[in-house]
There are 2 protein chains.
Amino acid sequence: MGRGQKVEYGQLRATVIEVATETVREHGSASLSIRKIAKKIGCAVGTIYNVFSNLDEIVMTVNSTTLSALQSRLLADTGQKEDALAALIGLGQSYVAFCRENFNLWSLVLEHKLAPGSTLPEWHQQQVDDLFLLVTRMAAPLVADDSERAERAARVLWAGLHGICALAMSGKLDVVHAESAEVLAESLVRNYLLGLRAEGMV
Amino acid sequence: MGRGQKVEYGQLRATVIEVATETVREHGSASLSIRKIAKKIGCAVGTIYNVFSNLDEIVMTVNSTTLSALQSRLLADTGQKEDALAALIGLGQSYVAFCRENFNLWSLVLEHKLAPGSTLPEWHQQQVDDLFLLVTRMAAPLVADDSERAERAARVLWAGLHGICALAMSGKLDVVHAESAEVLAESLVRNYLLGLRAEGMV
DNA sequence: TGGTTTTCATGAACACTGTTCAATTTTAAG
DNA sequence: CTTAAAATTGAACAGTGTTCATGAAAACCA
């Protein structure tokens, strides 16, 4: 390589992300290490550090593509639904399905803890905001009068779905063992929104 | 020490858990290591392995006391509430408060992943079941006719509260940043239960 | 008391991890 | 062809969890 060869730079970055993604998808987040990536690619560890500042940056880049995949999935699944309630229920189902199909990659997103004192990079934050905006937009018709309450509803639903998926995936607190996450997700979305409507009628 | 000195055995175990708990509480789960515990206690690493089979067992034991503390907290806070709805809202508030006050210790519970293929030890599973039973019992009066639906409601609420707290604590998806977790928790519990009731009326 | 046996404590050793960096090779420019 | 810049390398450093042969100490028995 010589001076200013940015082509190779981008190529190596892509390869690293590709290998890292496949490793996580197949063997889980615990088995991801710089050394293993280097061995699989066939280069030295230092080479990777020439293109990523550390492992965290690799993880965040992988997570970024996972978030993009989720967004595409949600956008595709909730294309044009007549009923707003049905659309949000469908959103929940899509989210649960995505978690199931991308177990290890989604775990990597959830497990990631940003270094204390630092904030998410702007490009990453934007992805999260976009994803959340999707939910807010879908919830808006159901609480038409009040946009503040629409946003709160979106936050509750988003967090609630996250909780159901997180417990379902880890099996940790055994809460979701008996009943499928899909059933719980539908129950959450339907009844929460029903409750919002009922509250508005009082 | 000599043969059959169970007193020292239990004493050392207690000390290890004490030191581990304080370390996590003050510096977070990432800074927990066998070597640091040993140094803090003033013994060799091998000594700890004489009393715990590995770090995972230490973590699970710490988590066990955290779960006990949460259970005590919830039991105390939701002592005798007349209204079932108010009681469940209170439960949510207590849960959120507990997460706030025991940030690092509760993170340790959430972050723990059990080794693939293995299941939670019986004594740990029992704690989780007890905790969950608390929610189920409180939800029962609100869906009196159907115990199956009561359990589902409990699962949804439990998972939902977990999601709100998890996102609030990590600040990861920035969902809970604008509004406090307490507000979201109350919204979740109130409207979900209101929805359940409305559904039953149809 | 002395000798024996069981039990416990020790820390070096092993196999890992992320990260750094001086030395080397490769490549491009002049 | 020389030179300088850039990219690659892998040894080195500071960590991690875990194991285990060795030595010390305590308890049992005579």
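In the text below, chain A, chain B and the rest are named by the order of the sequence lines, each starting its count at 1.
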Quiz prompt | Nearest-angstrom distance from the residue atom CG of A:Asn54 to P of C:dT17 | solution = 17 Å
Quiz prompt | Whole angstrom value for the distance that separates P of C:dA9 from CD1 of B:Ile41 | solution = 11 Å
Self-check item: base_contact_polar (D:dG15 base, B:Arg35 side chain, donor-acceptor, <3.5 Å)
Solution: no
Quiz item: In whole angstroms, how far is the C1' atom of D:dC13 from the OH atom of A:Tyr49?
Solution: 13 Å
Quiz item: Just wondering, are more than 12 heavy atoms of other shown residues or ligands nearer than 6.0 Å to CD in A:Glu18?
Solution: no
Quiz item: Roughly how far apart are B:Glu111 CD and B:Ser29 OG, rounded to 0.5 Å?
Solution: 3.5 Å
Quiz item: Of all the choices, C:dG18, C:dT10, D:dT18, which nucleotide is nearest to the side chain of B:Ala44 once you look at every atom?
Solution: C:dT10
Quiz item: Within this structure, what is the CG-to-P distance between A:Leu32 and C:dG18, rounded to whole angstrom?
Solution: 8 Å
Self-check item: Rounded distance (Å) that lies between atom C1' of D:dT19 and atom CD1 of B:Ile34
Solution: 12 Å
Quiz item: To the side chain of A:Val45, which of C:dT20, D:dT18, C:dG18 is closest?
Solution: C:dT20
Self-check item: Gap between atoms CD and C1', on B:Glu8 and D:dA27 respectively (whole Å)
Solution: 14 Å
Quiz item: In whole angstroms, how far is the P atom of D:dG10 from the CD1 atom of A:Ile48?
Solution: 13 Å
Practice problem: Starting from the 5' end of DNA chain C, give me the residue, A:Lys36 or A:Ser53, whose nearest nucleotide shows up first. | Solution: A:Lys36
Quiz item: Which part of the nucleic acid, if any, lies within reach of A:Ile37 when heavy atoms closer than 4.0 Å are counted: base, sugar-phosphate only, or nothing?
Solution: nothing
Self-check item: Separation of D:dG17 P from B:Asp56 CG (nearest whole Å)
Solution: 12 Å
Quiz item: Do A:Asn104 and A:His27 get their side chains close enough for a donor-acceptor pair, meaning under 3.5 Å?
Solution: no
Self-check item: Side-chain heavy atoms of A:Phe98 within contact of A:Thr66, under 4.5 Å
Solution: yes
Quiz item: Is A:Thr47 touching bases, backbone alone, or none of the nucleic acid, heavy atoms closer than 4.0 Å?
Solution: base
Exercise. For atom CD of B:Glu182, decide whether the heavy atoms of other residues, nucleotides or ligands shown that lie under 6.0 angstrom number more than 12.
Key: yes
Exercise. Output the single nucleotide from D:dT18, D:dT8, C:dC8 whose closest atom is nearest the side chain of B:Asn50.
Key: C:dC8
Practice problem: Name the nucleic acid region contacted by B:Ile58, choosing base, sugar-phosphate or nothing; use a 4.0 angstrom heavy-atom cut-off, strictly under. | Solution: nothing
